[in-house]
Amino acid sequence: MSTITTLHAGFAGHVSDALDALVAAGALPGGLNRGAVTVEPPRDPSHGDLATNAAMVLAKPAGTNPRALAEALVAELVKLPLVTEASIAGPGFINLRLAPGAWLDELRAVAALGADYGRSALGAGTTVNVEYVSANPTGPMHMGHCRGAVVGDALASLLEFAGHKVIREYYVNDAGAQVQVLGRSAHVRYREALGEDVGEIPEGLYPGDYLIPVGQALAAEFGDRYVGAPEEDWLALFRTRAVAAMMAMIRDDLALLGIRFDRFSSEAELQAAGKPDEAEAWLRARDLVYDGVLEAPKGKVVEDWEPVALPLFRSTRFGDDQDRPIRKSDGSWTYFGADLAYHFQKAESADALVDIWGADHGGTVKRIKAAVAAMTGEDGHPTPFEVKLVQMVQLLRDGEPVKMSKRAGTFVTLADVVREVGKDVVRFTMLTRKPEAQMDFDFAKVVEASKDNPVFYVQYAHARICSTLRKAAAEGFAPGDGALDALGSEELALVAQAAQFPRVVEAAAVAREPHRIAFFLHDLAAAFHAYWNLGNDRPDKRFIVAQSADLSAARLFLAAQIGQVVRNGLALLGVEAVEEM
RNA sequence: GCGCCCGUAGCUCAGUUGGAUAGAGCACGAGCCUUCUAAGCUUGGGGCCGCAGGUUCGAAUCCUGCCGGGCGCGCCA
């Protein structure tokens with residue numbers, strides 16, 4: 001790993017050093033918590049290049065006033081060679097102006113670090129398990145799964161880039177009633193493959209054509225052996241084969257989006273290995289599971305409701321509204337009972353857990369958080385666990401909602417959408433909104449090649465850079481950092497914009513919000529396009545200035561590094577940085 | 001009835017986790033192509049940050065209560 005320090009990280013350190021100097025001089029008490037101290041660019045660039053709130057947040061605990069502390073801090077900060085001015089503003093902000101050399105150093109850092117520019121050690125090598133998609137293995141992926149898939153995958157990449165080890169995990173729900181239905185559906189297709197006229201697929205089974213090849217494969221393998229046989233002879237077998245086929249199909253769908261998982265965990269295997277039993281025993285020993293009577297459901301009338309004694313997990317002790325059953329009255333595991341054990345299993349090999357769920361599962365967040373808290377928190381340090389809910393995506397075509405019905409077979413598959421608009425468009429679009437907000441996905445708009453469409457806008461910036469570098473090479477100019485002093489304030493402003501990337505990566509990783517990268521890229525692309533257009537009216541502001549090899553080399557070096565930052569950002573989102581459009 | 005999420009320009013949305021005069025795109029008005037890609041840029045108007053309190057040096061951001069929208073509320077998955 002390189003020892004190059006990026007600009008923002010460097011100045012965070014400088015402010016910290018200045019505070020240490022004040023402590024050493026007796027001007028500030030030691031041991032203050034500096035967690036709230038920030039060093040970041042001010043919202044209004046006219047205030048300077050960097051601002052810190054250190055004096056304001058430390059004044060009160062230090063027993064002094066912000067102004068006095070700021071003055072002492074300024075006296076330290078002006079000693080830094082790259083600081084040209086340090087001033088106090090407003091309630092006690094300290095604004096710093098930096099020498100051009102600070103930005104030029106950053107530009108060299110981008111070049112030196114290349115694809116690693118923006119990579120952070122923030123995660124300190126701790127392992128984060130990110131579970132996402134986890135679509136039921138009963139059919140192809142549809143658009144309802146898409147957003148969670150993209151958000152989860154981008155988040156995983158982001159956390160890796162921010163210094164975590166990441167496990168990308170898919171939980172295969174291959175143990176519930178729905179896979180029994182899948183097995184029966186496969187049996188119908190199996191009989192059909194053997195020549196039987198099965199007519200309409202019966203109500204309650206999966207009617208999709210995607211099970212036809214599964215039936216054919218079963219027919220080829222087993223002949224007519226299971227045609228008239230009782231269900232207990234074939235259901236487990238057919239279910240297993242059908243699930244395997246569905247998972248193969250889902251992997252193909254995911255591959256279209258460029259998504260791959262490190263681990264597929266099977267609910268059926270989890271149960272076969274006795275994990276839920278172990279969890280129950282462990283919880284019972286601590287009186288966290290007891291036999292109790294479940295309350296009747298609220299908010300709607302259930303006619304056949306009968307109070308029954310069930311093993312309940314005391315989730316109310318950890319903030320849930322109600323204790324939750326882990327087994328059904330027939331003794332089999334509820335989804336929650338197995339999921340609880342599953343999360344405990346995940347926590348054994350990770351320092352933190354993140355689940356990406358659809359908003360329709362929001363009602364079960366409290367119980368699973370309660371379970372993780374109960375099972376990992378005995379030592380007082382529960383495994384950090386977050387559930388990110390992604391809201392549903394409304395599909396539109398020219399402003400009209402696309403009607404979807406599983407029964408009518410008109411649901412929109414992920415594969416169809418990716419084929420129609422492309423992986424990059426799907427991925428970027430899904431990341432241009434914070435996940436917890438509802439979004440529309442209009443086929444007409446997302447393929448539009450204009451600035452209305454952020455995907456093309458960002459890719460266009462990268463393509464322009466590549467095109468410029470190609471043209472320069474053809475004319476005998478090459479990027480070089482030998483005369484970077486030739487760069488002026490407009491160029492340095494562009495560097496300042498790009499230099500935010502490492503900060504944005506860290507902030508996005510901490511917040512688990514990959515969409516921030518997408519917005520950063522849009523802003524950077526806008527800054528680049530604006531700079532580019534200076535050359536329309538003023539040939540002396542173009543990247544290639546025929547009269548000056550030095551200036552051209554410096555500007556091309558700048559262009560190349562902006563391109564590098566765009567590439568690094570797009571890589572996190574899993575979007576291709578096209579070189580030509 | 002309860003829980004979770006959302007409410008910011010006419011529309012679609014950001015807002016650096018409590019910072020300075022709240023931003024961008026679309027739409028509307030006015031400009032910029034014998035060009036390194038105009039798939040772009042410049043510029044103008046447009047705001048009770050849902051409402052009301054509270055917390056503090058300081059609130060779109062945190063707390064409480066309302067209002068409006070979405071999702072969910074068997075032993076389903």
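Every chain is numbered from 1, with letters handed out A, B, ... down the list of sequences.
In this structure, A/E169 does not pair ionically with A/K346, as no charged nitrogen and carboxylate oxygen lie closer than 4.0 Å.
With a 4.5 Å cut-off on side-chain heavy atoms, A/L69 and A/L28 count as touching. Counting only heavy atoms from C-beta outward, the side chains of A/F477 and A/L469 never approach each other to under 4.5 Å. In this structure, A/K275 and A/E269 have side chains that are not in contact, with every pair of non-hydrogen atoms separated by 4.5 Å or more. Contact annotation: the side chain of A/E576 never approaches that of A/R427 to less than 4.5 Å [non-hydrogen atoms, C-beta and beyond].
For the pair A/W532 and B/A38, the criterion of a side-chain N or O lying under 4.0 Å from OP1 or OP2 is met. Contact annotation: A/Y457 does not reach the phosphate of B/C26 (side-chain N/O to OP1 or OP2, under 4.0 Å). In this model, the phosphate group of B/U16 is not approached by any side-chain N or O of A/K434 to a distance below 4.0 Å at OP1 or OP2. Applying the 4.0 Å criterion to OP1 and OP2 of B/C5, one finds that A/K366 has every side-chain N and O outside that range. Phosphate proximity of B/U37 to A/S467: present, with a side-chain N or O under 4.0 Å from OP1 or OP2. One finds no side-chain N or O of A/R470 lying less than 4.0 angstrom from the OP1 or OP2 phosphate oxygen of B/U37.
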Polar-atom pairs under 3.5 Å, protein N or O versus N or O of nucleotides 67-70 of chain B: list them with distances, or write none.
| unit_1 | atom_1 | unit_2 | atom_2 | d |
| --- | --- | --- | --- | --- |
| B/G70 | O2' | A/Q438 | NE2 | 3.2 |

Provide a list of protein-nucleic acid N or O atom pairs under 3.5 angstrom, restricted to nucleotides 55-65 of chain B.
| unit_1 | atom_1 | unit_2 | atom_2 | d |
| --- | --- | --- | --- | --- |
| B/C57 | OP1 | A/K60 | NZ | 2.9 |

Using the rule given for side-chain contact (heavy atoms from CB on, under 4.5 Å), can you reason through A/Y335 versus A/N173, listing the C-alpha separation, both sets of side-chain angles and the distance that settles it, and then say yes or no? CA-CA 9 Å; A/Y335 182 85; A/N173 300 130; 3.3 Å; yes
Give the C-alpha distance, both sets of side-chain angles, the deciding distance and a yes or no for side-chain contact (heavy atoms from CB on, under 4.5 Å) between A/H8 and A/L50. CA-CA 9 Å; A/H8 283 98; A/L50 286 175; 3.5 Å; yes
Begin with the C-alpha distance, continue with both residues' side-chain angles, and end with the deciding distance and a verdict on side-chain contact (heavy atoms from CB on, under 4.5 Å) for A/T364 and A/V387. CA-CA 10 Å; A/T364 62; A/V387 180; over 6 Å; no
Apply the test side-chain contact (heavy atoms from CB on, under 4.5 Å) to residues A/L96 and A/F11: give CA-CA distance (whole Å), side-chain angles for both, the deciding distance (0.1 Å), then the verdict. CA-CA 10 Å; A/L96 303 179; A/F11 273 89; 4.2 Å; yes
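Among the protein residues, A/D537 comes within range of the sugar-phosphate backbone only, with heavy atoms under 4.0 Å from sugar or phosphate atoms but none that close to a base. A/A89 comes within 4.0 angstrom of a nucleotide base, judged by non-hydrogen atoms across all strands. Here A/T334 lies in heavy-atom contact (under 4.0 Å) with sugar-phosphate atoms only. Among the protein residues, A/T364 comes within range of the nucleic acid bases, having at least one heavy atom under 4.0 Å from a base atom. At a threshold of 4.0 angstrom between heavy atoms, the contacts of A/N95 include nucleobase atoms, whether or not backbone atoms are also involved. Residue-level contact check: A/A559 touches neither bases nor backbone, having no heavy atom under 4.0 Å from any strand. The residue A/V510 sits apart from the nucleic acid: no heavy atom pair falls under 4.0 Å. Contacts of A/Q459 with the nucleic acid, taken as non-hydrogen atoms under 4.0 Å apart, are absent.
Between the P atom of B/U37 and the CZ atom of A/F543 lies a distance of 11 Å, rounded to the nearest Å. What separates NE2 of A/H515 from P of B/C6 is a distance of 11 Å, to the nearest Å. At whole-Å resolution of the value, CD1 in A/I88 and P in B/A20 are 19 Å apart. Taking atom CG on A/L521 and atom P on B/C13, their separation rounds to 20 Å, with Å as the unit. Rounded to whole Å, the distance from CG on A/L389 to P on B/G72 is 12 Å. B/A20 atom C1' lies 16 Å from atom CG of A/D49, rounded to whole Å. In this structure, the CZ atom of A/R542 is 19 Å from the P atom of B/G40, given to the nearest Å. As rounded to whole Å, 10 Å separates atom C1' of B/G40 from atom CZ of A/F528.
In B/G74 the O4'-C1'-N dihedral to the base is within 90° of 0, which defines a syn nucleotide. Nucleotide B/U17 is shown with a syn base, its glycosidic torsion being within 90° of 0.
For the pair A/F93 and B/A20, the ring geometry qualifies as stacking, because the centroid separation is below 5.5 Å while the planes lie within an angle under 30°. Ring stacking is absent between A/H361 and B/G72, as the pair misses the limits of under 5.5 Å between centres and under 30 degrees between planes. In this structure, the aromatic ring of A/H522 is not positioned over the six-membered ring of the base of B/A24 within 5.5 Å between centres and 30° between planes.
Take the nearest nucleotide of RNA chain B for A/F336 and for A/A511: the residue whose nucleotide is more 5' is A/A511.
With both pairing distances under 3.5 Å, B/C73 is matched to B/G1 as a Watson-Crick or G-U wobble pair.
For A/D360 against B/A77, a side-chain-to-base donor-acceptor contact under 3.5 Å is absent. Judged by distance alone, with hydrogens and angles left aside, A/R464 brings no side-chain donor or acceptor close enough to the base of B/U37 to form a pair under 3.5 Å. At a cut-off of 3.5 angstrom, the base of B/G40 holds at least one donor-acceptor pair with the side chain of A/N533.
Within the 6.0 Å centre-distance limit, the rings of A/Y342 and A/Y171 are counted as a close aromatic pair.
Nucleotides B/G40 and B/A27, compared at atom P, are 11 Å apart to the nearest Å. With both ends at atom C1', the span from B/A38 to B/C57 equals 49 Å, rounded to whole Å. The same atom, P, is picked in B/C5 and in B/U61; the two are 16 Å apart, to the nearest Å. Here the separation of B/C13 from B/G50, taken at their P atoms, is 15 Å to the nearest Å. Nucleotides B/C67 and B/G31, compared at atom C1', are 45 Å apart to the nearest Å. Here, B/C63 and B/A77 have their P atoms 35 Å apart, quoted to the whole Å. For the P atom pair drawn from B/C71 and B/G10, the interatomic distance equals 26 Å after rounding to whole Å. Annotation: B/G3 and B/U42 have their C1' atoms spaced 50 Å apart (nearest Å).
Considering only side-chain atoms of A/R433, the nucleotide from B/U17, B/C41, B/A14 that sits closest is B/A14.
Ring planes of A/H343 and A/W357: perpendicular class, angle over 60° (limits at 30 and 60°).
A cation-pi arrangement is not found for A/R464 relative to A/F528, the charged atom failing to lie both closer than 6.0 Å to the ring centre and inside a 45° cone about the ring normal.
Listed by chain and number, the residues in a salt bridge (charged side-chain N to carboxylate O under 4.0 Å, His left out) with A/R567 amount to none (sequence neighbours excluded).
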